Undergrad: 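Below you will find the structure I want to go over with you.
Note: hydrogens, waters and symmetry copies are ignored here, and every other heavy atom, side chains too, is used. Proteins get letters first, then strands, A, B, ... in listed order; numbering begins at 1 in each. Being a predicted model, the structure only gives us computed values, none of them experimental.
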Amino acid sequence: MAGKTLYDKLWDDHLVKQRDDGSALIYIDRHLLHEVTSPQAFEGLRLAGRKPWRIDANIATPDHNVPTTDRERGVEGIVDPVSRIQVETLDRNCDEFGILEFKIKDQRQGIVHVIGPEQGATLPGMSIVCGDSHTSTHGAFGCLAHGIGTSEVEHVLATQCLVQQKMKNMLVKVDGKLGAGVTGKDVVLAIIGKIGTAGGTGYAIEFGGEAIHDLSMEARMTICNMAIEAGARVGMVSVDDTTIDYVRGRPFAPSEEQWDAAVEYWRTLHSDADAVFDKVVELDGSEIQPQVSWGTSPEMVVGVEGNVPDPDREEDPIKREGIVRALKYMGLQPNMKISDIKLDRVFIGSCTNSRIEDLREAAKVVKGRKVSPTLKQAMVVPGSGLVKAQAEQEGLDKIFIEAGLEWRDPGCSMCLAMNADKLGQGEHCASTSNRNFEGRQGFGGRTHLVSPAMAAAAAINGHFVDVRDMMN
Amino acid sequence: MRALQQHKGIVAPMDRSNVDTDMIIPKQFLKSIKRTGFGPNLFDELRYLDEGKPDQDCANRPLNPDFLLNQPRYRNASVLLARRNFGCGSSREHAPWALDDFGFRVIIAPSFADIFYNNCFKNGLLPIVLSEEVVEKLFQETYANEGYQLDVDLEAKRVTTPSGESFDFEVDDFRRHCLLNGLDDIGVTLEDAEQIRAYEEQRRETAPWLFNAGR
Ligand code: SF4
């Protein structure tokens, strides 16, 4: 018999019941909640007279709607009344059911996918779900982690299980060494550019290879975060020393007495050498350039030295139509150089790139420089209150502020513009987030996805430049 | 949940690939804490010429005359015909809620994003995967015939055109069973409560750190 993949192992370890019809009951170790996708689930519980199955498996925090300024005022500081009601509803639901919540004024508050790992609430080998598609982030720890809809949020609250079909296995192998200035974000954008936004549909993707295991946990999280942009609900990296070192000592991590047994188990969380994948994709890490998205889908991406594509050269009619539509929306000309795209705003933040390492990389680029006067705004939004505190301890806030970037409070912010931070119509933004869909960052806004270092370089120049040219 | 066994309805052709959930229901409408009322904001940015705001009366907003759901022939559509990778993007269940609230019951496409596909079944909507060629043919027939309807039979797993041509589709048994019978799947899962508890106990023994409270 062939060996097991990491996904097979995680699946087997969480299987409560295999049903005859092919569906299975999977146990959920950790359930993360935020204000946008949970209110209807709590309401459903109440209407059915049900109670949460296991209260201590749940952790909640408001992130999507929270303002990134004026936070001392707490919920009162949320200007939009509809947003405020949503945050208050989360508070009320968590209080009523006794669920641990890092509220808006708690220093542990932050983007749900930043705080899970930060607290050690994300542990290797766990099954983790959240009503948010970027839950794939947690797979960086060798977890089975994926996003769910609101009905499933209710289902997990009520039963601690999910009804699932097993996915297929895909290995994305990135070998070689990444060049200087090339980050996890560039790797994942290059992968999506290669396999497309539906390339991973129906699969659980394991990211492997030398280039991946050379990366920090932060960078692995960036990569797994965007598995969903490649169509895969699940992205994973197997456990190694980097994983274990990261987890040690965090608030929810195993205690001293539990530690050795936990580590022994975690060491098994990798695909066996003879495991068989349904699909394997290989990339050479040394060839990956810093990436910039030019269109309205994350697969519409190119190296910074490249050009905007020419639809006339695309043979697939559906794709050609997609390029024409995207260029029109983005206000770009075919064949123009990526470095000629002028920017209006820069956003450094989101669950993809708002961790301490991301902020350090951006700070390194802007240090001693000034934001281009042609920009309307450049902002840095840390992923959590703890990331913010850490950055301030390292003096990163001062570097940003001196360079002319705004230093904000934690939340999703301009990643999806549910709070006050958004793009104006037609504005171009270099953004470290994960989605460049039409209107994502504001009505008529134009998003270009990049790494924190590339966003920082763009902030200084007012247009895209190759960050590698600024590094000496 | 509302059951669906058979459905016959007018087809609306959404002729673009990678329709994402931000397009289906833009984020400003996700602030609602209810499950209903999203229909007027379905495809908001394509459907109206102005920027939509939550809690606004959509009746007086300027419509984009080119958008399909604003054309009289598609206004009463209940079957949405779409291109590949429909529903990609976020996990927001507001997307199927909005489609449902507008009146759609069936969505046909060559492929769907996983989470969206799954969310549809939880809300009495049936997503059907047909081949790229068949979908193309249905697009042509829809354009050519005003009032074009499709007849969908979930029991038989079959879509039939007005000319009597039919296409079989796949759907897994559990989802089909729940949708045919309008089952609440939380109730179904809780029938296995004992097994869940047994699993939990065994995990508490072998992996106690999974149950830690924070320090
Ligand atoms: S940062 Fe953006 S992508 Fe991440 S959870 Fe928040 S809104 Fe979603």
Undergrad: Can you say whether Leu15(A) sits under 4.5 Å from chain B via the side chain, the backbone, both, or neither, judging by heavy atoms?
TA: backbone
Undergrad: For Gln258(A), which atoms come within 4.5 Å of any heavy atom of chain B: side chain, backbone, both, or neither?
TA: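 Looking at Gln258(A), backbone and side chain both touch chain B.
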Undergrad: Please look at Thr189(B) and chain A and tell me whether the side chain, the backbone, both or neither of the residue comes under 4.5 angstrom of a heavy atom of that chain.
TA: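 Both backbone and side chain.
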Undergrad: Between Gln165(A) and chain B, which part of the residue has a heavy atom less than 4.5 Å away: side chain, backbone, both or neither?
TA: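 When you check distances to chain B, only side chain atoms of Gln165(A) fall under 4.5 Å.
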Undergrad: With a 4.5 angstrom heavy-atom cut-off, is it the side chain or the backbone of Asp185(B) that approaches chain A, or both, or neither?
TA: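 Both backbone and side chain of Asp185(B) come within 4.5 Å of chain A.
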Undergrad: With Lys157(B) as the cation and Phe169(B) as the aromatic partner, state whether NZ or CZ is under 6.0 Å from the six-membered ring centre and within 45° of the axis.
TA: no
Undergrad: What part of Asn123(B) gets closer than 4.5 Å to chain A, counting heavy atoms only: side chain, backbone, both or neither?
TA: side chain
Undergrad: Contact part of Gln441(A) toward chain B, heavy-atom cut-off under 4.5 Å: side chain, backbone, both or neither?
TA: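 For Gln441(A), the contact with chain B is made by the backbone alone.
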Undergrad: When Phe43(B) is tested against each of Tyr74(B), Phe67(B), Phe102(B) for ring-ring contact (aromatic ring centres under 6.0 Å, His included), which residue passes?
TA: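 Of Tyr74(B), Phe67(B), Phe102(B), ring-ring contact (aromatic ring centres under 6.0 Å, His included) with Phe43(B) is met by Phe67(B) alone.
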Undergrad: Identify which part of Phe116(B) has an atom lying under 4.5 Å from any heavy atom of chain A, answering side chain, backbone, both or neither.
TA: neither
Undergrad: Against chain A, label Asn212(B) side chain, backbone, both or neither, depending on which of its atoms sit under 4.5 Å from a heavy atom there.
TA: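 For Asn212(B), the contact with chain A is made by backbone and side chain together.
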Undergrad: Which answer fits Glu136(B), side chain, backbone, both or neither, if we ask what part of it has an atom under 4.5 Å from a heavy atom of chain A?
TA: neither
